[in-house]
Enquirer: 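Once you've had a glance at the structure underneath, I'll fire off some questions.
Keep in mind that the numbers below use all heavy atoms, side chains included, and drop hydrogens, waters and symmetry copies.
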2 protein chains.
Amino acid sequence: MAKPAPAFWNAEPQGLLRAGPGFELRDVDPDATPGATADKTAGAAELARSAQELRELQEKLFAQSRLGAKDRLLVVLQAMDAAGKGGVVNHVFALLEPYGLALSAFKAPTAEERAHDFLWRVEPRVPGPGLIGLFDRSHYEDVLIQRVRGLAPPEEIERRYDAIADFERRIADDGVRIVKIVLHVSPEEQAERLLDRLADPDKHWKYNPGDVDERLLWPEYMNAFQIAIERTNAPHAPWFVVPANRKWYARAAVQRIVISELHRIGPEWPVADFDPDAERARVESSLGLRWPG
Amino acid sequence: MAKPAPAFWNAEPQGLLRAGPGFELRDVDPDATPGATADKTAGAAELARSAQELRELQEKLFAQSRLGAKDRLLVVLQAMDAAGKGGVVNHVFALLEPYGLALSAFKAPTAEERAHDFLWRVEPRVPGPGLIGLFDRSHYEDVLIQRVRGLAPPEEIERRYDAIADFERRIADDGVRIVKIVLHVSPEEQAERLLDRLADPDKHWKYNPGDVDERLLWPEYMNAFQIAIERTNAPHAPWFVVPANRKWYARAAVQRIVISELHRIGPEWPVADFDPDAERARVESSLGLRWPG
């Protein structure tokens, strides 16, 4: 018999990555791999190994909602361009059953969306009972790019931090467990990834010249992230900052955070609201039927 | 070096499963495995083997839409209860990237939906450019259960066949490739699957006593399927009937049909609408920047 692989984690990463009191984004090393014992190969194996645990939790969450439970999970994913959001979606969330995943990608707001309050387009995307909602970008863009680019006046940006806190408090009270994650890359790593995209014509469609414009504002973005985390961190809606220069680490860490939050919800197979014996008898008696072929 | 596995298919299943002129549902054997050379183990291996081909086609379809191509695919999945729709979603469509899949499950219509024309709730679910849309049940329920149960008057049911044909013609003209699939099980196989669900408390949530009520109307449903296929089969919106007593066969066949339709669309990596050399220079010059840590 093959020896079991050594455990990938020597400490639960969510405790290590959680933004606590006095958190400083500048102290997070994007190259670090907190809690992991391993390397790239082991990272892919860990994703596959934990997929079963993730799927079973998800299926239970979905199942219990069919009989009335309201629990659901909302994962908010924020990052600079090329930090690996797409990879997290395709390598972690792709392992979920499609029925149980509600994916929302928030782009630059349309004219209609801009005419409404910034949370207007977000509310309908809050996942329903039993679902895992994933926001690829989110209402935090309204205090990130909008702050950095001055797309709204300072007093409006100020108002939004409190509005976000109220909004997240309200949906948490309604049964939404919220987890907010920053994938944190270094500007050097981002440049490498952008150059990789430019080097491969099959990846040109992923490249956007505007990404470089935002890149040139790196310190302003880091400042905006720092403030957003400080102003909206809460026990019912915690922030996690995941070092993301190593894709294998970021993916495994996000998967583990999601699994941990699902365990915290603790979904259970629901108890049938029908009589299984009576139903068995109905099915069995129907077997005697002979329909004209 | 290991010998390559024998090909799973000895004939493209879509040709064998396509409902042609004079099609008779009663002639389809739910136990059959047209075109397959193999067994259950090979079926799972085939799904995994073809996943890469499927994903690359999907990614190209998605990518080319970012630069304006309108092509997309709509797969309509219809079946009796427990015929394996869920398994097809979780074993075939789950292999797609989440961004590229638009899954819509149509339940019994709400009061608001019933107050509108039957296609009112369907139109907003038509996939946008670059997406693979999957309808788990669809507007065909409006000529299946609604016909069998007499939920609408006969003249209204009659009207719907033509309305569906017009609707599908219109969206096909707009760039939607439509594929309609029936998973065809035998009533004996359905009974076994329902009894399996009843035997396992972890699966009780998948069981619905109403499924037996519909089961008792099997011949009426087969008649309604036959009529729906006859009235709405079209070159731009063909029907396929997939024998589904063997889950491994049904899944591999649906995957192959989807792959074949994507090849027919023939998506290509889009050509960049920017100058890659100029962009490379911009990224490289930004590497010289030194921001305060």
Enquirer: Does any heavy atom of chain A fall under 4.5 Å from the side chain of B:Lys60, the backbone, both, or neither of them?
Expert: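 Contact with chain A involves no heavy atom of B:Lys60 at all.
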Enquirer: Is any side-chain heavy atom of A:Leu195 less than 4.5 Å from a side-chain heavy atom of B:Glu284?
Expert: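 A side-chain contact under 4.5 Å exists here.
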Enquirer: Under 4.5 Å between any side-chain heavy atoms of B:Trp205 and A:Gln64, yes or no?
Expert: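 Of all side-chain heavy-atom pairs linking A:Gln64 with B:Trp205, none is under 4.5 Å.
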Enquirer: Which region of A:Asp213, side chain (C-beta onward) or backbone (N, CA, C, O), has a non-hydrogen atom less than 4.5 Å from a non-hydrogen atom of chain B, or is it both or neither?
Expert: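 Both backbone and side chain of A:Asp213 come within 4.5 Å of chain B.
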Enquirer: Would the number of heavy atoms belonging to other residues, nucleotides or ligands and lying under 6.0 Å from CD of B:Glu24 be above 12?
Expert: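 Result for CD/B:Glu24: enclosed.
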Enquirer: Looking at A:Pro201, A:Pro209, A:Ala191, which makes the most heavy-atom pairs under 4.5 Å with chain B?
Expert: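 Most heavy-atom pairs within the cutoff with chain B belong to A:Pro209.
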Enquirer: Just jot down the side-chain hydrogen bond (donor to acceptor under 3.5 Å, both in side chains) partners of B:Glu279, sequence neighbours excluded, or say none.
Expert: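 Here the qualifying residues are A:Tyr207, B:Arg282.
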Enquirer: For the candidates A:Asn90, A:Leu95, A:Val283, A:Leu103, which exhibits the highest count of non-hydrogen atom pairs separated by less than 4.5 Å from chain B?
Expert: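 Heavy-atom pair counts peak at A:Asn90.
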Enquirer: A:Val271, A:Asn208, A:Leu198: which one forms the most heavy-atom pairs within less than 4.5 Å of chain B?
Expert: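 Option with the top pair count is A:Leu198.
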Enquirer: Against chain B, label A:Arg66 side chain, backbone, both or neither, depending on which of its atoms sit under 4.5 Å from a heavy atom there.
Expert: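 For A:Arg66, side-chain heavy atoms alone lie under 4.5 Å from chain B.
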Enquirer: Quick one: what part of A:Lys203 sits under 4.5 Å from any heavy atom of chain B, side chain, backbone, both or neither?
Expert: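 For A:Lys203, there is no contact with chain B at all, as no heavy atom is under 4.5 Å.
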Enquirer: Counting heavy-atom pairs closer than 4.5 Å to chain B, which one of A:Pro276, A:Ala272, A:Ala278, A:Ala63 comes out on top?
Expert: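 When all of A:Pro276, A:Ala272, A:Ala278, A:Ala63 are compared, A:Ala63 has the most.
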Enquirer: Testing the basics here: between B:Ala105 and A:Tyr99, what is the closest heavy-atom pair and its distance to 0.1 Å?
Expert: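 Scanning both residues completely, I find the closest heavy atoms to be CB-CE2, 4.3 Å.
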Enquirer: Measure distances from A:Arg197 to the heavy atoms of chain B and classify the residue's part below 4.5 Å as side chain, backbone, both or neither.
Expert: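 Neither part, no heavy atoms under 4.5 Å.
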Enquirer: May I ask you to name which of A:Leu194, A:Val212, A:Asp202 has the most heavy-atom pairs under 4.5 Å with chain B?
Expert: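 Most pairs with chain B among the choices: A:Asp202.
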Enquirer: Who among A:Leu96, A:Asp211, A:Asp273, A:Asp136 has the most heavy-atom pairs with chain B under 4.5 Å?
Expert: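 The residue among A:Leu96, A:Asp211, A:Asp273, A:Asp136 with the greatest pair count is A:Asp136.
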